[in-house]
Amino acid sequence: MTKKERAAAVTELLKEVYPDAVCALHYTHDYELLFATRLSAQCTDARVNIVTETLFRQFPTLQSFSEAPEEEIAEAIKTCGLFRTKARDLKACAIMLLSEYDGKVPDNMEDLLRLPGVGRKTANLILGDIFGKPAIVADTHCIRLSNRLGFVKNEKDPVKVENALRKLISPAESSDFCHRLVLFGREHCTARSPKCSGCPLGAVCPSYPVTK
DNA sequence: ATCCCGAGGG
DNA sequence: CCCTCTGGAT
């Protein structure tokens, strides 16, 4: 079985496991997904959702974020970790979105990467989820599973994983594919003790079984 | 002790 | 390439 055939098989199997490829982060405005994604660094999305439920009520507009003291934002997001840098990023990001982008989240990689605290992972998520564009979100789950599934070998560089997946997954499906990888990585193919027994991908996974 | 849908700086 | 930021969960 070639890599591409395996990628196609995994794609179809994941569709059966997760018919809906949804993003787990809660948001109503576009910029709120941007902010929630920034908060999700080194933090579970479940915790991000707990924090943003009150955060987005306390600061209901981009304007309110741009005017808020950093310490107030920091206090509100403290339990997400990395709170000082994240608070600085949210405020600076709100200011730049208002002053340079008419308060709208940009729809291209170059402009997204200009925003404070927005890196490739966040930018790709926005391109896929907000704008429905082809996007490969090479986060920690995507990287771990891409290695276990043999799409890359011992590769930790997110850009290299992104490029490898671009050759294996059709652009139209890449965003949904990554969402499903994340869901599967969280629930089954976990970092520490992957639940290999009975794994729906076991038949095509070169790492199976990771655990005895 | 290790990991969680990272990003920026040196 | 490396390091730092950081609380929470397991």
Side-chain angles (χ1 to χ4, degrees), chain A residues 14 17-18 20-27 30-55 70-71 73-97 105-106 109-130 135-149 151-152 154-162 165 169 174-195 210-211:
Chain A
L14 285 178
V17 182
Y18 303 108
D20 299 310
V22 289
C23 177
L25 296 172
H26 298 167
Y27 67 99
D30 293 352
Y31 74 83
E32 288 182 344
L33 178 59
L34 190 70
F35 286 8
T37 306
R38 180 67 191 98
L39 292 180
S40 73
Q42 298 300 301
C43 177
T44 60
D45 51 353
R47 174 137 300 276
V48 172
N49 286 334
I50 292 172
V51 165
T52 54
E53 184 176 353
T54 52
L55 179 72
E70 276 178 32
E71 314 82 65
I73 302 175
E75 187 58 35
I77 66 174
K78 195 152 198 171
T79 59
C80 287
L82 310 179
F83 57 89
R84 270 180 281 266
T85 41
K86 287 175 181 176
R88 195 185 316 133
D89 285 342
L90 295 200
K91 180 179 169 81
C93 198
I95 290 173
M96 187 182 286
L97 283 172
V105 176
M109 177 66 78
E110 189 186 344
D111 284 326
L112 283 167
L113 291 179
R114 290 190 62 231
L115 299 170
V118 176
R120 261 195 111 69
K121 184 256 165 173
T122 303
N124 270 314
L125 189 104
I126 294 296
L127 290 175
D129 276 38
I130 299 294
I136 296 169
V137 183
D139 51 45
T140 180
H141 293 296
C142 179
I143 293 170
R144 184 179 66 254
L145 268 69
S146 291
N147 278 280
R148 284 182 182 162
L149 289 166
F151 300 145
V152 291
N154 201 9
E155 183 57 73
K156 299 298 171 195
D157 182 346
V159 178
K160 290 183 179 173
V161 172
E162 195 182 315
L165 288 181
I169 312 292
S174 58
S175 180
D176 285 349
F177 177 78
C178 289
H179 277 306
R180 293 187 173 106
L181 268 193
V182 169
L183 292 171
F184 193 71
R186 269 204 322 239
E187 296 173 16
H188 300 280
C189 197
T190 50
R192 273 180 249 199
S193 312
K195 300 161 183 153
V210 174
T211 52

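Keep in mind it's a predicted model, so treat the numbers as computed, not measured. So that the names make sense, note that chain A is the first sequence line, chain B the second, and so on, each numbered from 1.
Straight-line distance between the P atoms of dC5(B) and dC3(C): roughly 24 Å, to the nearest whole Å. For the C1' atoms, the distance linking dC1(C) with dC4(B) amounts to 24 Å, nearest Å.
Note that CG of Leu165(A) and SG of Cys178(A) are 6.0 Å apart. Values are rounded to the nearest 0.5 Å. Separating the CG atom in Leu112(A) from the CG atom in Asn124(A) is a distance of 9.0 Å, to the nearest 0.5 Å.
Partners of Glu162(A) by salt bridge (Lys or Arg N to Asp or Glu O under 4.0 Å), not counting sequence neighbours, listed by chain and number: Arg120(A), Arg166(A). Evaluation of the side chain to side chain donor-acceptor pair (under 3.5 Å) rule for Glu32(A) yields Thr28(A) as partners, not counting sequence neighbours. By the side chain to side chain donor-acceptor pair (under 3.5 Å) test, Glu187(A) pairs with Tyr18(A), sequence neighbours left out. For Tyr31(A), the ring pair (Phe, Tyr, Trp, His ring centres under 6.0 Å) partners two or more places apart in sequence, or in a different chain, are His29(A), Phe35(A). The side chain to side chain donor-acceptor pair (under 3.5 Å) test applied to Asp111(A) returns Tyr101(A), Asn108(A), not counting sequence neighbours.
Counting to the nearest Å, the P atom of dC4(B) and the CG atom of Leu145(A) are 11 Å from each other. Protein atom CG of Leu39(A) is 14 Å distant from nucleotide atom P of dC5(B), rounded to whole Å. Atom CZ of Arg186(A) and atom P of dC3(B) are 18 Å apart (whole Å). Rounded to a whole Å, the CG atom of Asp45(A) is 9 Å from the C1' atom of dC4(B). Protein atom CD of Gln42(A) is 8 Å distant from nucleotide atom C1' of dC3(B), rounded to whole Å. Between Asp176(A) atom CG and dC5(B) atom P there is a gap of 19 Å when expressed in whole angstrom units. The CG-C1' distance, from Leu90(A) to dG6(B), rounds to 13 Å in whole Å. Summarising the geometry, the separation between CD on Glu187(A) and P on dC5(B) is reported as 11 Å, rounded to the nearest angstrom.
Side-chain proximity of Leu125(A) to dG6(B), dC5(B), dC3(B): nearest is dC5(B).
When the nearest nucleotides of DNA chain C are assigned to Ala41(A) and Arg47(A) by heavy-atom distance, the more 5′-ward of the two goes with Ala41(A).
Smallest separation of non-hydrogen atoms from Ser175(A) and Gly128(A): OG-CA, 3.7 Å. Across all their heavy atoms, Cys43(A) and Cys80(A) have their closest contact at CB-O, 3.4 Å. Shown here for Leu97(A) and Val105(A), the closest heavy-atom pair between the two residues is CD2-CA, 4.1 Å. The two residues Leu33(A) and Cys23(A) come nearest to each other via the heavy atoms CD1-SG, 4.1 Å. Here the closest non-hydrogen pair linking Ala138(A) and Ile143(A) is O-CD1, 3.7 Å.
Proximity of residues 75-86 of chain A to DNA chain B (heavy atom under 4.0 angstrom from any strand atom) is restricted to Leu82(A). Within residues 30-37 of chain A, no residue is approached by DNA chain C to less than 4.0 Å at the level of any non-hydrogen atom.
Applying the side-chain hydrogen bond (donor to acceptor under 3.5 Å, both in side chains) rule to pairs touching residues 138-147 of chain A yields His141(A)-Arg144(A), sequence neighbours excluded. Within the structure, the salt bridge (Lys or Arg N to Asp or Glu O under 4.0 Å) test picks out the following pairs touching residues 80-89 of chain A (sequence neighbours left out): Arg38(A)-Asp89(A).
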In a table with atom names and distances, give each donor-acceptor pair under 3.5 Å that connects a side chain of residues 45-53 of chain A to protein atoms at least two apart or in another chain.
from: Asp45(A); atom 1: OD1; to: Arg186(A); atom 2: NH1; distance (Å): 3.3
from: Asp45(A); atom 1: OD2; to: Arg186(A); atom 2: NH1; distance (Å): 2.4
from: Arg47(A); atom 1: NH1; to: Thr79(A); atom 2: OG1; distance (Å): 3.1
from: Asn49(A); atom 1: OD1; to: His26(A); atom 2: N; distance (Å): 2.8
from: Asn49(A); atom 1: ND2; to: Ala24(A); atom 2: O; distance (Å): 3.0
from: Asn49(A); atom 1: ND2; to: Asp45(A); atom 2: O; distance (Å): 3.4
from: Thr52(A); atom 1: OG1; to: Val48(A); atom 2: O; distance (Å): 3.0
from: Thr52(A); atom 1: OG1; to: Asn49(A); atom 2: O; distance (Å): 3.4

If you restrict it to nitrogen or oxygen atoms, what contacts under 3.5 Å exist between nucleotides 8-10 of chain B and the protein, and what is each distance?
from: dG8(B); atom 1: OP1; to: Gly117(A); atom 2: N; distance (Å): 2.8

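Between dC4(B) and Thr140(A), a contact under 4.0 Å exists linking OP1 or OP2 to a side-chain N or O. Using a 4.0 Å cut-off, some side-chain N or O of Thr122(A) falls inside it from OP1 or OP2 of dA7(B). At the phosphate of dC4(B), OP1 or OP2 sits under 4.0 Å from a side-chain N or O atom of Arg144(A).
Boundaries of the chain A contact region on DNA chain C are dC5(C) to dT10(C), first to last in 5' to 3' order (nucleotide atom under 4.0 Å from a heavy atom).
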